[in-house]
Amino acid sequence: MIVIMLGAPASGKGTQSVIVAQRLKVPHISTGDIFRWNIANNTAVGEEAKKYIDKGILVPDELTIRILKERIEKEDCERGFVLDGFPRTINQQQSLDRMLTECNKSINMAINLSVTDDEVIRRISGRRMCKCGKAYHIVTYPPKTPGICDLCNGELYTRKDDTVEVANTRLEAYKLQTEPILAVYRERGIVVDIDGHKPQEQVAEDVWKEILKYSEKHGWM
Ligand code: AMP
């Protein structure tokens with residue numbers, strides 16, 4: 001089961017792909033998380049990626065494809081995985097196809113979480129993160145105790161690339177470089193569109209319903 005989660009920055013990709021991965025019992029793979037781990041651990045990959053991430057532009061394909069390949073070759077990906085934030089360019093999409101074809105696999109489904117540009121900016125400017133991966137919004141989805149994660153009591157922080165200025169650059173990168181991927185997947189008939197404006201729990205249910213519908217039709221799971 002290989003599921004790709006597509007959508008603009010802050011469309012809910014991270015939150016929803018964690019839920020889908022848990023339900024499907026396969027790994028959740030976020031290239032953004034892999035880069036952030038590398039930055040926090042001062043690796044050479046982190047040092048290189050940081051130059052781009054802080055500005056809101058995409059990390060070059062060569063590096064991104066390499067870290068993704070290393071991750072999906074691990075044994076826990078045998079049964080499938082949920083991809084969050086990859087592919088983001090046509091080049092990455094084609095490389096992923098080649099990697100999967102080599103091991104006789106293919107993408108089962110691409111979920112497109114759609115939100116308006118205004119909503120992207122509103123979400124990014126109020127987003128607070130926890131190290132455990134849980135995301136909050138200071139107005140629409142606040143933690144029970146301000147600044148503290150409901151799940152693990154961790155201290156919440158603001159991502160360095162979650163400023164309005166950087167958000168606009170990220171949105172532009174999404175439209176120019178990532179949106180064309182949707183057209184490719186649409187042609188294959190594997191895209192499911194989900195309204196990402198609804199509350200998180202409702203979006204999760206809508207996504208799951210579509211996955212069940214799709215699985216029944218294609219006989220997987
Ligand atoms: P995300 O956590 O998915 O919003 O990613 C945060 C940042 O990491 C992006 O704005 C990019 O700079 C970088 N990044 C993550 N995934 C990719 C990718 N597939 N290709 C290029 N850059 C990426």
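Starting from 1, each residue takes its place in the sequence as its number. Small disclaimer: the values here were computed from a predicted structure and weren't measured.
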### Message
Quick one: does any side-chain atom of Glu48 pair with a main-chain N or O of Thr43 as donor and acceptor, under 3.5 Å?
### Response
no
### Task
Indicate the atoms forming the closest heavy-atom contact of Pro60 with Thr64, along with that distance.
O-OG1, 2.9 Å
### Message
Determine whether Ile29 and Phe86 satisfy the following criterion, side chain to side chain contact (heavy atoms under 4.5 Å, CB included), listing intermediate values before the conclusion.
### Response
CA-CA 9 Å; Ile29 301 175; Phe86 189 99; over 6 Å; no
#### Entry: Residues Met5, Val20; criterion side chain to side chain contact (heavy atoms under 4.5 Å, CB included); working and verdict
CA-CA 10 Å; Met5 195 67 76; Val20 171; 4.0 Å; yes
### Query
Is a side-chain donor-acceptor pair under 3.5 Å present for Asp206 with Gln202?
yes
### Query
Just by modelled atom types, is the Ala135 backbone N or O under 3.5 Å from a matching donor or acceptor in the Tyr141 side chain?
no
### Query
Where the side chain of Asp195 meets the backbone of His197, is there a donor-acceptor pair that is under 3.5 Å apart?
yes
### Query
Under 4.5 Å between any side-chain heavy atoms of Pro27 and Arg71, yes or no?
yes
### Query
Has Glu62 got more than 12 heavy atoms of other residues, nucleotides or ligands less than 6.0 Å from its CD?
no
### Message
I need the Ile4 CD1 to Leu182 CG distance, nearest 0.5 Å.
### Response
11.0 Å
### Query
Is the shortest heavy-atom distance from the side chain of Ile90 to the side chain of Ile181 under 4.5 Å?
yes
### Message
Is there a side chain to side chain contact (heavy atoms under 4.5 Å, CB included) between Tyr52 and Leu58? Walk through the geometry before answering.
### Response
CA-CA 6 Å; Tyr52 303 91; Leu58 296 187; over 6 Å; no
### Message
For Glu70, is the CD atom crowded, meaning more than 12 foreign heavy atoms sit under 6.0 Å from it?
### Response
yes
### Query
Is there side-chain contact between Gln92 and Leu68, with at least one heavy-atom pair below 4.5 Å?
no
### Query
Is there a donor-acceptor pair under 3.5 Å between the side chain of Thr31 and the backbone N or O of Gly85?
yes
### Message
Any side-chain to backbone donor/acceptor pair from Arg170 onto Asp161? Under 3.5 Å, distance only.
### Response
yes
### Query
Are the side chain of Asn108 and the backbone N or O of Ile2 linked by a donor-acceptor pair below 3.5 Å?
yes
For residues 146-158, tabulate all N or O donor-acceptor pairs below 3.5 Å that involve a side-chain atom, not counting sequence neighbours.
from: Asp150; atom 1: OD1; to: Lys144; atom 2: N; distance (Å): 2.8
from: Thr158; atom 1: OG1; to: Arg128; atom 2: NE; distance (Å): 3.4

### Pair Glu210 + Lys213, salt bridge at N-O below 4.0 Å
yes
#### Entry: Sub-4.5 Å side-chain heavy-atom contact between Thr101 and Arg98
no
### Query
Take atom CD in Glu205; do more than 12 heavy atoms of anything else shown fall under 6.0 Å from it?
yes
### Task
Can you sort out the partners of Lys131 under side-chain contact (heavy atoms from CB on, under 4.5 Å), two or more places apart, ordered by chain and number?
none
### Message
Side chains of Leu96 and Ile72, heavy atoms from C-beta outward: is any pair under 4.5 Å?
### Response
yes
### Task
Output the distance between atom CG (Asp97) and atom CE (Met99), rounded to the nearest 0.5 Å.
9.5 Å
### Summary
In short, Pro9 meets Val120 closest at the heavy-atom pair O-CG1, 3.4 Å
### Query
Which residues satisfy the side-chain contact (heavy atoms from CB on, under 4.5 Å) test with Val139, sequence neighbours excluded?
His137
### Message
I need the minimum non-hydrogen distance between Ala110 and Tyr185, along with the two atoms involved.
### Response
CB-CD1, 3.8 Å
### Query
So does Asp162 pair up with Arg123, basic N to acidic O under 4.0 Å?
no
### Query
Is a side-chain N or O of Arg79 found less than 3.5 angstrom from the main chain of Lys25, in a donor-acceptor match?
yes
### Query
Which pair of non-hydrogen atoms, one from Lys55 and one from Thr169, has the smallest distance, and what is that distance?
O-CG2, 3.7 Å
### Message
A side-chain contact here means heavy atoms from C-beta on lying under 4.5 Å apart; do Ile19 and Val207 qualify?
### Response
no
#### Entry: Salt bridge flag under 4.0 Å for residues Lys50 and Glu47
no
### Task
Give the minimum heavy-atom separation between Ala204 and Arg23, together with the two atoms involved.
O-NH1, 3.6 Å
### Message
Looking at Glu73 and Lys69, is there a salt bridge between them, counting it only when a charged N and a carboxylate O are closer than 4.0 Å?
### Response
yes
### Query
Less than 4.5 Å apart, any side-chain heavy atom of Thr178 and any of Gln93?
no
### Query
Val192 and Ile211: side chain to side chain contact (heavy atoms under 4.5 Å, CB included), yes or no, with the steps?
CA-CA 9 Å; Val192 169; Ile211 290 180; over 6 Å; no
